[in-house]
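Only a predicted model underlies this, so the values are computations on that prediction, with no experimental measurement involved.
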Amino acid sequence: MSRPQDPPRSFFPFGNPFRMISPKGNKLSPQLLAVICAFEANLEERLKKLIPKSKDEILNLSWMTLAMQALCESHNDIKTLITDLELPVHDWDEKWIDVYLDISVKLLDLCIAFSSEFISSEPGQHIGSRNPRIEKCGSILDNLVGSLDLPKVKKSAKGKVLMQAMYGVKVQTVFVCSVFAMAFSGSTKTLLDLDVADMYSWAPAFKSLQNLVNEEIRVRLSHGRFTVLNEMEAVDSSVKELYPTIQGGVDTVDAESLLKIVEKLGRATEKLSQGLDLLAKEVDGFFQVVLTSRDALLSNLRSGAIVNDRILGGNKDAQVVN
């Protein structure tokens with residue numbers, strides 16, 4: 001029976017998100033402009049690599065593994081960017097810190113939900129079945145979409161560059177995670193259509209990627225497919241082929257035909273198992289990237305607080321002496 005097709009979900013509830021990071025007033029120096037241009041060029045290339053060459057490449061485990069690798073690279077680039085900008089955490093606006101910490105918690109929750117799909121005695125057993133953690137991904141993703149409305153940066157040119165870079169990575173992250181949540185739940189309810197302005201160099205690549213992937217996913221589910229994952233579909237197809245062959249009893253089974261079907265099912269199951277193992281490692285890797293970045297931020301904040309307390313304590317003592 002065909003699944004009802006969920007309507008596309010488009011999110012752009014906060015006006016123009018680029019108005020707050022456009023260079024009005026404080027223009028970027030050539031050095032800062034070079035930094036953000038290089039960052040966005042790398043992001044654009046990653047997005048282009050994720051654009052499938054054919055529909056057969058959409059939503060297989062290899063593509064999902066590549067997408068998770070791309071997320072790890074982009075989030076690592078953010079850490080490198082902070083170093084290149086010479087923008088220590090104690091110089092951050094409190095709003096930037098709050099946004100970063102809030103987003104990191106939500107990303108960790110998504111990673112835990114995705115990882116719960118890999119804990120199974122049978123390859124892919126949980127995929128498409130009810131999983132409370134996966135069911136919560138929709139609300140988490142909605143909150144992440146809301147966080148795309150970046151804090152305004154008024155005085156810090158470096159802060160503008162950081163917020164602009166973080167916006168691009170968040171768009172990439174929300175898109176990939178929404179596709180993962182859809183793949184594991186078998187429902188388009190978590191599938192997002194993000195509206196991105198054309199002013200960014202990576203926007204055309206992102207739009208091409210999002211339109212191609214989301215459209216194909218909706219087509220597959222509208223045709224009643226058991227799952228959008230190619231490897232899971234291959235296993236399901238082999239099982240359906242095997243069942244009527246053995247249903248009539250052992251005496252009526254052609255041994256050669258049965259052997260071919262069983263071997264086909266074995267290959268499909270092995271490919272699914274190996275693909276899930278590789279994907280699980282990449283999800284865990286992304287979890288570690290987000291966790292270490294969050295821990296580093298908190299550690300720097302604590303160090304900054306200790307230094308400030310010592311400075312204030314020293315000044316207080318000096319006033320007593322005077």
Side-chain angles (χ1 to χ4, degrees), residues 8 42-77 107 110-111 113-118 120 123-124 126-128 134 137 141 168-194 196 202-223 225-237 267-287 289:
N42 288 334
L43 177 60
E44 181 183 7
E45 285 304 308
R46 289 193 191 101
L47 294 172
K48 286 181 177 179
K49 288 179 181 178
L50 291 179
I51 298 176
K53 294 182 176 136
S54 69
K55 291 184 178 181
D56 292 336
E57 295 181 9
I58 296 177
L59 260 292
N60 58 31
L61 293 174
S62 296
W63 183 90
M64 294 177 71
T65 299
L66 184 64
M68 195 53 66
Q69 289 173 349
L71 280 191
C72 290
E73 292 170 358
S74 293
H75 281 259
N76 279 325
D77 273 4
L107 292 182
L110 287 173
C111 287
F114 298 156
S115 295
S116 68
E117 287 291 308
F118 307 127
S120 172
H126 292 320
I127 295 177
I134 292 296
C137 288
L141 288 166
V169 173
K170 283 195 287 184
V171 168
Q172 177 194 10
T173 304
V174 171
F175 166 71
V176 170
C177 289
S178 74
V179 173
F180 270 55
M182 181 286 313
F184 292 134
S185 67
S187 169
T188 57
K189 289 182 179 180
T190 59
L191 204 59
L192 305 177
D193 295 287
L194 301 173
V196 176
W202 50 267
F206 174 76
K207 289 181 178 181
S208 297
L209 171 64
Q210 178 177 248
N211 292 341
L212 182 61
V213 172
N214 285 4
E215 180 182 357
E216 178 61 19
I217 287 172
R218 290 188 173 105
V219 168
R220 292 184 186 184
L221 290 181
S222 68
H223 290 166
R225 280 187 54 165
F226 165 70
T227 175
V228 294
L229 286 177
N230 294 343
E231 292 84 353
M232 276 294 295
E233 184 70 16
V235 172
D236 185 58
S237 176
R267 289 192 298 270
T269 303
E270 181 66 18
K271 185 176 181 180
L272 173 62
S273 179
Q274 291 177 352
L276 288 174
D277 285 344
L278 291 174
L279 182 57
K281 291 178 182 177
E282 290 302 328
V283 171
D284 182 64
F286 181 55
F287 180 91
V289 168

Looking only at atom types and distance, does a side-chain atom of D284 sit under 3.5 Å from a main-chain N or O of A280, one as donor and one as acceptor? no
Gap separating the CD1 atom of I134 from the OG atom of S187, nearest 0.5 angstrom: 12.0 Å
If you apply the rule side-chain contact (heavy atoms from CB on, under 4.5 Å), what do you find for H75 with T173, and how did you get there? CA-CA 9 Å; H75 281 259; T173 304; 3.0 Å; yes
Residues passing the side-chain hydrogen bond (donor to acceptor under 3.5 Å, both in side chains) test with E45, sequence neighbours excluded, are none
Taking every heavy atom of V283 against every heavy atom of M68, the minimum-distance pair comes out as N-CG, 3.8 Å
Any idea which heavy atoms bring K207 and V196 closest together, and the distance? CE-O, 2.9 Å
Report yes or no: does T65 contribute a side-chain atom to a donor-acceptor pair with the main-chain N or O of L61 at less than 3.5 Å? yes
Atom of A183, atom of M64 and distance for their closest heavy-atom approach: CB-CE, 4.1 Å
Given V171 and W202, is the side-chain contact (heavy atoms from CB on, under 4.5 Å) satisfied, shown in steps? CA-CA 11 Å; V171 168; W202 50 267; 4.0 Å; yes
If you look at every heavy atom in F114 and A181, which pair is closest and at what distance? CE2-N, 3.8 Å
Inter-residue atom distance C137.SG - F184.CZ, 0.5 Å rounding: 9.0 Å
Between the side chain of Q210 and the main-chain N/O of L194, is any donor-acceptor distance below 3.5 Å? yes
Considering all heavy atoms of both residues, which atom of L192 and which atom of L141 are nearest to each other, and what is their separation? CD1-CB, 4.2 Å
Hey, could you give me the CG/CD1 distance between L50 and I58, rounded to the nearest 0.5 Å? 12.0 Å
State whether the number of non-hydrogen atoms from other residues, nucleotides or ligands found under 6.0 Å of K271 atom NZ is greater than 12. no
Between R218 and D193, is there a salt bridge with N-O shorter than 4.0 Å? yes
Residue pair S74 / Q172, side-chain donor-acceptor N/O under 3.5 Å: yes
List the steps and the verdict of side-chain contact (heavy atoms from CB on, under 4.5 Å) for I51 and F206. CA-CA 9 Å; I51 298 176; F206 174 76; over 6 Å; no
What one should report as the nearest heavy-atom pair of T190 and S178 is O-CB, 3.3 Å
Distance alone, cut at 3.5 Å: any donor-acceptor contact between the side chains of E73 and Q69? no
Verdict with supporting geometry, M182 and L221, side-chain contact (heavy atoms from CB on, under 4.5 Å): CA-CA 11 Å; M182 181 286 313; L221 290 181; 4.2 Å; yes
Between atom SG of C72 and atom CG of N76, what is the distance when rounded to the nearest 0.5 Å? 7.0 Å
If we ignore hydrogens and angles and just use 3.5 Å, is the side chain of E57 paired with the main-chain N or O of K53 as donor and acceptor? yes
Distance in Å, L47 CG paired with S208 OG, rounded so as to fall on 0.5 Å steps: 10.0 Å
Ring geometry between W63 and F175 (parallel below 30°, tilted from 30 to 60°, perpendicular above 60°): perpendicular
Verify, without hydrogens or angle tests, whether S222 (side chain) and V219 (backbone) share a donor-acceptor contact under 3.5 angstrom. yes
Roughly how far, to the nearest 0.5 Å, is the CZ atom of F286 from the CG atom of L107? 5.0 Å
